[in-house]
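Everything on this sheet refers to the single structure shown next.
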Amino acid sequence: MKPSYILGIETSCDETSIAVVSNTKVLSHVTASQIKQHEAFGGVFPELASRLHTENIGYVLQTALKQSNVPLSSLSAIAVTRGPGLIGALHIGLQSAKVLAASLNIPLIGVHHHAAHLEAARFVQPILYPALGLIVSGGHTELVYMPGPLRYELIGQTQDDAIGESYDKVARMMGLGYPGGPIIDQLAQTGTTQYFLPLPKANGIFDFSYSGLKTAVQSLIQKEQQAKRIINQHNLAFDFQKLVIQTLIDKLQLALKTYSVRSVIIGGGVSLNRELRKQANQLSQHTNIPFIFPPTWACTDNGAMIALLGGEMLKAGMIDSLSLGVDPSWEIQASSQK
Ligand code: KG4
Ligand code: ZN
């Protein structure tokens, strides 16, 4: 069988990332990160993100193609993030993908960003179905049941802030940098319990809620400042993180009692978190169910996961027309194989 070479384009947030992938083999992977430019805003500034994607995409594409050593004429398909994400940012990736697909006369494949975060586990090992997926990123917190390949059923989600967003907002309140997740994770390593914070509670059994916890951290910081007490940042990071990770583990435990699965996949930027990995491994041992994390480099946004899922979709005949539009709030189950 002729090998397939998929070019994947990711521009949903603050990384312009393009890769050439053949099945699970990454032939090239180039990312232009905008983190430094967004730092001053303490989060991603959408208009600036679009402008920077426009500036960076040409060079990123050229470099990814060159490094892959795959001639343009050998590409099998162009996969691109169709949503969810920032509307202006998504448009830049999709328009570039359309021009490439049209000029090379090869299929265009619109990929769901969250599904790709889960499918990135394939870089480590094949997915054992049925599976349970947990997406923990800057924009989303979702629990997904995966009955079979390319099928996703949303069973729980955040009712307010996403988990990564809550890390980033709390880090900003504490006067730390952006993105806040890795900084809080690092501080918490040398912290201990000191501050009382409430365990977040959501309405639906598999849902999440983080805005109450964020407000509680804000009130605590104000109270300590008024009392002229210096906040121990290590301990505050520890107490905040303990509760955030506990909500994830509690929901996973509950979901594993309801859904009989053969594997659990945890993807998205927050899946890099050390406490989450530690507790997830303990739960894996306890339940005897393998928990798969994508490789570290593939946990945050990247074009390789888009190409990887695009390759699976191509095999399943899931290709799009050149009139495809972006969908900033595309739901994961709507991207399922019919
Ligand atoms: O998946 P991702 O790269 O982008 C989105 O699709 O949103 O996730 C970025 C998020 C940021 O909010 C960042 O703070 C968080 O992932 N993050 C972490 C860690 N590393 C990145 N959160 C907690 N602990 C970490 N070690
Ligand atoms: Zn992401």
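Reckoned from all heavy atoms, side chains included, excluding hydrogens, waters and symmetry mates. Atoms within a ligand are numbered from 1 in the order they appear, just like the ligands themselves.
- For F238, the side chain to side chain contact (heavy atoms under 4.5 Å, CB included) partners are A188, T193, K242, not counting sequence neighbours.
- Ordered by chain and residue number, the residues placing a heavy atom less than 4.0 Å from ligand 1 are H113, H117, S137, G138, G139, G164, Y167, D168, P179, G180, G181, P182, D185, G268, G269, V270, L272, N273, T300, D301.
- A donor-acceptor pair under 3.5 Å links the side-chain atoms of H38 to the main chain of F45, judged by distance alone.
- Taking both residues in full, the closest heavy atoms of A115 and I332 are given as N-CD1, 3.7 Å, listed atom of the first, atom of the second, then distance.
- Geometrically, R172 does not engage Y178 in a cation-pi contact defined by less than 6.0 Å to the ring centre and at most 45° from the axis.
- With respect to the salt-bridge test (charged N to carboxylate O, under 4.0 angstrom), the residues K169 and E165 qualify.
- Within the protein, the N, O or S atoms lying under 2.8 Å from the Zn ion (ligand 2) are H113 NE2, H117 NE2, D301 OD1.
- Exactly one residue among L132, L252, I265 makes a side-chain contact (heavy atoms from CB on, under 4.5 Å) with F291. That residue is L252.
- With hydrogens and angles left out, the side-chain atoms of T11 and H53 include no donor and acceptor closer than 3.5 Å.
- Listed by chain and residue number, W297 satisfy the ring-ring contact (aromatic ring centres under 6.0 Å, His included) test with F123 (two or more places apart in sequence, or in another chain).
- Relative ring orientation between Y210 and F208 is described as parallel, the plane-to-plane angle staying below 30° on a 0-90° scale split at 30° and 60°.
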